[in-house]
Amino acid sequence: MKEQEVREALLTDIERIDRLLKESLGYLRDNHQQEAFQRADLASILQTVCDEFADMGHKVSYSGPARMVANFKPLALTRAVTNLCENGVKFATKLDVELRTDGRHAIIHVMDNGPGIPEEYRSRVLEPFFKMDAARGNTDAGFGLGLSIVTEIIQAHGGKLELLDRRPNGLTATITLALSRA
């Protein structure tokens, strides 16, 4: 094509379709279901995810212990936390990732200062392909699979994902995982 604007618009559409296909195929493959549980350092994984986002220029910080070794699927959990951080940096200017324990559970908070998610949408945003990006001011932010993938990964760990208000504004995504698996 000779017209640069038309060519660029078509290439943008092709890239978007390619991303949608890759994300959909990844979701349908359920790769995280095949990964085995193993002992790994959860704190190190969270620090690495935060460092990678910070290296890309985002305000993402980690707070918590320097080490927390537990039994989980490290690649799957990395993907879950990465998906939460990707959502956070789309809608917020600052993210805080916190790891703590109550003795029986590892508790991960991914907290942003964005617009949050209205309570009536919090269960729907966990469904595959549901998007409320237009309501959050971003019409080209994804395909509605990120949070459903997080949900599946956390459920595969026997854990719980909660989306809560953060005061004065923002969202807190809380992951609760048992530290010992039978």
Side-chain angles (χ1 to χ4, degrees), residues 19 22-24 26-27 30-33 35 40-65 68 70 72-101 105-119 121-133 135-138 140-167 169-179:
R19 283 187 297 140
K22 285 178 182 172
E23 194 169 328
S24 297
Y27 176 77
D30 263 351
N31 289 336
H32 61 273
Q33 296 289 358
E35 184 182 5
D41 186 355
L42 182 55
S44 177
I45 286 173
L46 296 178
Q47 291 170 44
T48 300
V49 170
C50 291
D51 289 346
E52 287 174 357
F53 278 94
D55 289 348
M56 291 185 291
H58 300 289
K59 286 182 142 186
V60 179
S61 65
Y62 169 81
S63 64
M68 185 183 291
F72 58 93
K73 298 178 178 188
L75 294 176
L77 210 49
T78 299
R79 181 170 185 192
V81 174
T82 298
N83 283 8
L84 290 173
C85 289
E86 284 175 349
N87 279 354
V89 299
K90 286 177 190 174
F91 304 109
T93 58
K94 186 175 186 292
L95 242 65
D96 299 307
V97 178
E98 176 186 270
L99 174 63
R100 62 183 182 83
T101 181
H105 301 93
I107 302 160
I108 304 166
H109 297 290
V110 179
M111 304 169 284
D112 70 44
N113 67 348
I117 298 174
E119 192 169 347
Y121 290 110
R122 289 188 193 149
S123 62
R124 296 267 340 259
V125 296
L126 303 177
E127 298 171 6
F129 301 107
F130 179 81
K131 289 177 51 167
M132 63 164 271
D133 295 336
R136 293 182 88 187
N138 194 343
D140 190 32
F143 305 106
L145 288 173
L147 289 175
S148 60
I149 290 170
V150 173
T151 300
E152 285 190 11
I153 290 169
I154 301 311
Q155 287 174 348
H157 281 81
K160 181 172 75 170
L161 172 67
E162 294 178 283
L163 302 177
L164 307 165
D165 282 330
R166 183 176 188 202
R167 299 286 180 222
N169 62 305
L171 184 74
T172 297
T174 299
I175 298 171
T176 305
L177 303 168
L179 284 173

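Note that this is a predicted model, so its numbers are computed, not measured.
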Donor-acceptor under 3.5 Å (D96 side chain, M111 main chain): no

Exercise: identify the closest heavy-atom pair between A156 and K73: CB-NZ, 4.4 Å

Heavy-atom closest contact (D112 atom, G88 atom, distance): OD2-CA, 4.0 Å

Smallest separation among heavy atoms of P115 and F91, with atom names: CD-O, 3.1 Å

For the student: nearest non-hydrogen atoms of L99 and A106, plus distance: CD1-CB, 4.3 Å

Least distance between heavy atoms, M68 atom then A43 atom: N-CB, 3.7 Å

Qualifying residue, where the test is side chain to side chain contact (heavy atoms under 4.5 Å, CB included) with I108 and the options are I45, L161, T174, L42: L42

Nearest-0.5 Å distance, CD of residue E52 to OG1 of residue T82: 6.5 Å

Residue list, side chain to side chain donor-acceptor pair (under 3.5 Å) with T48, at least two apart or on another chain: none

Residues forming a side chain to side chain donor-acceptor pair (under 3.5 Å) with T101, sequence neighbours excluded: none

Atom pair CD1 (I154) and CG (L77), whose distance is rounded to the nearest 0.5 Å: 5.5 Å

Closest heavy-atom pair and its distance - A80, V150: O-CG2, 3.4 Å

Flag side-chain contact, heavy atom, 4.5 Å: L171 against N87: no

Residue from K94, H58, K59 passing side chain to side chain contact (heavy atoms under 4.5 Å, CB included) with V89: H58

Straight-line distance of L177 CG to H105 NE2, nearest 0.5 Å: 9.0 Å

Between CG on residue N113 and CZ on residue R166, distance to nearest 0.5 Å: 7.0 Å

Residues forming a side chain to side chain contact (heavy atoms under 4.5 Å, CB included) with C50, sequence neighbours excluded: V60, Y62, V97

Derivation of the side chain to side chain contact (heavy atoms under 4.5 Å, CB included) call for R79 and L75: CA-CA 6 Å; R79 181 170 185 192; L75 294 176; over 6 Å; no

